[in-house]
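Read the structure below first, then the notes.
Proteins get letters first, then strands, A, B, ... in listed order; numbering begins at 1 in each. Model, not experiment: these values are computed from the prediction.
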Amino acid sequence: MVFEGLADKLQQTFKKLRGRGKLSEADVNEAMREVRMALLEADVNFKVVKDFISRIKERAVGQEVMESLTPGQYVVKIVNDELTNLMGGTQSRITISSKPPTVVMLVGLQGAGKTTTAGKLAHYLKKQNKRPLLVAADIYRPAAIKQLEVLGEQLEIPVFSLGDRENPVTIAQKAIQRALAYANDIVIIDTAGRLHINEELMQELKSVKQAVKPHEILLVVDSMTGQDAVTVAENFNQQLGLDGVILTKLDGDARGGAALSIKAVTGCPIKFAGMGEKLDALEPFHPDRMASRILGMGDVLSLIEKA
Amino acid sequence: MLGFFDKLKTGLEKTRHTFTERIEQLITGHGKIDEELLDDLEAILLSADVGVKTTGKLMQNIKAAIKKNEIQTADQLKPFLQDQINSILTGGETDGGKDYPAPFIIMVVGVNGVGKTTTIGKLGHYYRQQGRKVLLAAADTFRAAAIDQLEIWAGRTGAELIKHSEGSDPAAVAFDAVQAAKARKADVLIVDTAGRLHTKSNLMDELKKIRRVIAREIPDAPQETLLVLDATTGQNAVNQARTFGDVVQVSGVVLTKLDGTAKGGVVIAVKEELGVPVRWIGIGEGMDDLRPFDAAEFAGALFADK
Ligand SMILES: Nc1nc2c(ncn2[C@@H]2O[C@H](COP(=O)(O)OP(=O)(O)OP(=O)(O)O)[C@@H](O)[C@H]2O)c(=O)[nH]1
Ligand SMILES: Nc1nc2c(ncn2[C@@H]2O[C@H](COP(=O)(O)OP(=O)(O)OP(=O)(O)O)[C@@H](O)[C@H]2O)c(=O)[nH]1
Ligand SMILES: [Mg+2]
Ligand SMILES: [Mg+2]
């Protein structure tokens, strides 16, 4: 992985800061320039970056530095604290309803990884002794139903489909009936990829939501997403009311600034991370690890020791 | 915490609605060039995924031009910037493969979910419209139902499909497809490949092998290797272009999903840093939603409100 840069640059800046008791505005500004660069290169939304930086400045300027830390170490500590805070502190999970079936609906842009994630999530829950049912509600994309059926077969998990002639609302409703009849305690609905600005298709999701009242509506987001992540997430959230986010394709070298942007504008927790194409490559999301990944600092604490 | 979110939300709201308006006002009002105006321009570039480095360069050029009095009023800023972006992106437009002897072989590569298979459907349609005989090769034998997906596209466009079963060797599919293209005198052969992250060296080796097999059968082939980039992608696209370029000599980019609100500004960095031109853009999921790339139009759209 190529997370070069920020740590070294900050070390350089901090060398100059060393040996002063109080953080002056000039000191902090210089350090913040590097932090800003790093965040933008990691695809954190520029507006989020701006607000984030000004918050850190507010906290840092004029601060007495603790005995045990150099001024540089202190700035790193503040950055890391704020970032971890913003990422959501601790990890969160999906809510299992006391009255089964728990209904989970996956939504998102085209190609984000919804169908694959539906399979992964079903597998994950099956390992916890749940009895998931996968629902093929993407009636548009060529071979989308077949794709989910293939995954279901590989996982030995049932897939409910009515072909591509019935509408998603009917499909979802009948799927719940089938889950009740066969004692499936989790229903995972795969929906077609759509643009957040496509009113007709967003309305379709609202109708599905109204018909089956999902316990969890999860936005699936590609971790390589750039500046537009906030607009997309904000739109989906406003129209559907999201319960959480799943970040996919984190097995690559994308720094994943989208995670921070989305968390900052929607407040929705990120619940899982997709770490590969294989069906067991789904992990609970760790906000603190993501914070240091975005900053490209590896282990921030060890940096503090070195600074 | 919540206060911060709220503030941010309204902040973004405001940004979206007033950016271009404000710039437009300032510019058409022949306003003075001030620090704030330059900041706003920088913000437009950053928000279009142009990236810190390339944005920095563009802003430096602007400042230099202001110093040299090449830019004197605010209304000259936007045309200057647009012109710069246009000249970075110009060169390498597609000629649709007119000059190549048949079969013209196009290999399509990229990370997961960017729109490779759909683009192949659209390209197949484009060439079929020109009355050419088109063959599609289903060399994504990995992803669930990838072959079925391409088969549906072949059916829609009237292209022929070469496929093996799921899980078989993609290089073998490519080999058969080249043989078939020769035997059936196809004009165009388009090879679909499985999505893969550029960081996975074993999968990148597999891609190299597919290319080698094609080149062994027809020396100049594949005459075109298209890297598909999703317009929603941020700075990682530069890494993608670099690595795919190193491994399979990418000759051009297809920028998909430009029908969304993302601007795809990262292709400016890709062209500037790596010299890889954009050939086509994708603007929807239908078979007609493919256009030859137009640098001037793209540069203009970066500054337009959607
Ligand atoms: N490397 C990697 N690939 C992933 C991950 N999740 C999904 N993919 C791949 O991303 C591509 C798109 O995944 P899909 O599940 O088809 O995406 P989708 O959101 O259902 O797509 P549409 O239904 O067309 O909108 C496939 O090639 C998947 O194998 C992940 O965590 N890591
Ligand atoms: N809105 C929009 N959607 C697109 C465009 N191009 C492709 N898509 C959609 O993006 C999703 C993924 O497209 P695919 O063609 O399956 O992508 P791929 O790169 O072949 O995916 P893998 O083979 O899984 O790596 C599908 O839902 C397509 O319909 C485009 O230009 N605009
Ligand atoms: Mg899908
Ligand atoms: Mg494909």
Side-chain angles (χ1 to χ4, degrees), chain A residues 1-2 36-37 40-43 45-51 55 85-86 109-113 115-116 119 140-151 154 193 195-197 222-232 234-235 248-249 251-255 257-258 264-267 277, chain B residues 1-2 4-5 7-9 11-12 15-16 42-43 46-49 51-53 55 111-115 117-118 121 142-153 156 166 195-200 230-237 239-240 256-257 259-263 265-266 285 306:
Chain A
M1 300 224 176
V2 278
R36 175 178 183 266
M37 283 272 277
L40 286 172
E41 271 164 14
D43 293 317
N45 182 273
F46 77 96
K47 195 71 189 20
V48 175
V49 172
K50 208 168 160 187
D51 286 3
R55 246 161 79 97
N85 235 337
L86 205 55
L109 296 182
Q110 289 93 346
T115 307
T116 311
Y140 307 104
R141 172 177 164 168
I145 298 172
K146 181 76 192 294
Q147 185 185 356
L148 195 66
E149 282 170 350
V150 170
L151 299 182
Q154 286 170 10
L195 294 173
H196 54 292
I197 48 170
D222 185 326
S223 61
M224 293 175 272
T225 310
Q227 296 289 317
D228 212 34
V230 286
T231 317
V232 173
E234 224 185 350
N235 257 289
T248 62
K249 308 178 199 175
D251 44 325
D253 61 355
R255 297 260 291 270
V265 291
T266 64
E277 294 186 75
Chain B
M1 211 53 174
L2 255 179
F4 176 59
F5 289 144
K7 195 176 121 232
L8 197 53
K9 238 187 211 159
L12 284 165
T15 313
R16 258 207 320 279
E42 183 186 47
L46 288 174
S47 68
D49 287 314
V52 230
K53 215 159 115 194
T55 297
V111 301
N112 309 83
V114 286
T117 307
T118 308
F142 177 75
R143 212 211 60 211
I147 300 169
D148 306 74
Q149 187 186 357
L150 193 66
E151 190 155 30
I152 291 172
W153 276 108
R156 278 183 189 173
E166 205 164 303
R196 69 201 73 218
L197 295 180
H198 52 287
T199 49
K200 311 225 157 138
D230 181 330
T232 328
T233 308
Q235 299 313 299
N236 192 251
N239 294 2
Q240 294 169 26
T256 59
K257 309 184 194 175
D259 47 325
T261 48
K263 309 260 175 163
V266 70
E285 298 184 77
K306 269 200 214 173

Looking only at A/A144, A/G193, A/G226, most heavy-atom pairs under 4.5 Å shared with chain B are made by A/G226
Hey, what do you get for CG (B/D259) to CD (A/Q110), rounding to the nearest 0.5 Å?
7.0 Å
Side chain from CB out, backbone as N, CA, C, O: work out which of these in B/K200 comes under 4.5 Å of a heavy atom of chain A, or both, or neither.
side chain
Of the backbone (N, CA, C, O) and the side chain (C-beta and beyond), which part of A/L109 lies under 4.5 Å from a heavy atom of chain B, both, or neither?
side chain
Below 4.5 Å from any heavy atom of chain A, which atoms of B/E151 appear? Answer side chain, backbone, both or neither.
neither
Consider only side-chain N and O atoms of A/D228 and B/T232, and report whether a donor and an acceptor are under 3.5 Å apart.
no
In terms of heavy-atom pairs under 4.5 Å, which option from A/L195, A/D43, A/V150 contacts chain B the most?
A/D43
Chain B contact via A/E277 - which portion, at a heavy-atom distance below 4.5 Å:
side chain
To the nearest 0.5 angstrom, please state how far the OG1 atom of B/T117 sits from the CZ atom of A/R141.
7.0 Å
OG1 of B/T199 to CG of A/D251: how many Å apart, nearest 0.5 Å?
6.5 Å
If one checks every heavy atom of B/V111 against chain A at 4.5 Å, the contacting part turns out to be side chain
After noting the C-alpha distance and the side-chain angles of A/H196 and B/T261, does the key distance pass the side chain to side chain contact (heavy atoms under 4.5 Å, CB included) rule?
CA-CA 9 Å; A/H196 54 292; B/T261 48; 2.9 Å; yes
Looking at B/K53, B/R143, B/H198, which one has more heavy-atom pairs under 4.5 Å with chain A than the rest?
B/R143
With chain A as the partner, which of B/D230, B/T118, B/V114, B/T233 has the greatest number of non-hydrogen pairs under 4.5 Å?
B/T233
For the residue pair A/K249 and B/N112, establish whether any side-chain heavy-atom pair is separated by less than 4.5 Å.
yes
Looking at A/A229, A/P142, A/G113, A/A112, which one has more heavy-atom pairs under 4.5 Å with chain B than the rest?
A/P142
Quick one: which of B/Q235, B/R196, B/R156 has the most heavy-atom pairs under 4.5 Å with chain A, could you say?
B/Q235
Strictly below 4.0 Å, N to O, side chains only: are A/K146 and B/E166 in salt-bridge contact?
no
Checking B/E285 against chain A: side chain, backbone, both or neither under 4.5 Å from a heavy atom?
side chain
Nearest-0.5 Å distance, CD of residue A/Q147 to CD of residue B/Q149
7.0 Å
Euclidean distance, A/L40 CG relative to B/L46 CG, rounded to 0.5 Å
5.5 Å
A/M224 and B/N239, any side-chain heavy atoms less than 4.5 Å apart
no
What's the separation between atom CG in A/D253 and atom CG in B/L197, rounded to the nearest 0.5 Å?
8.0 Å
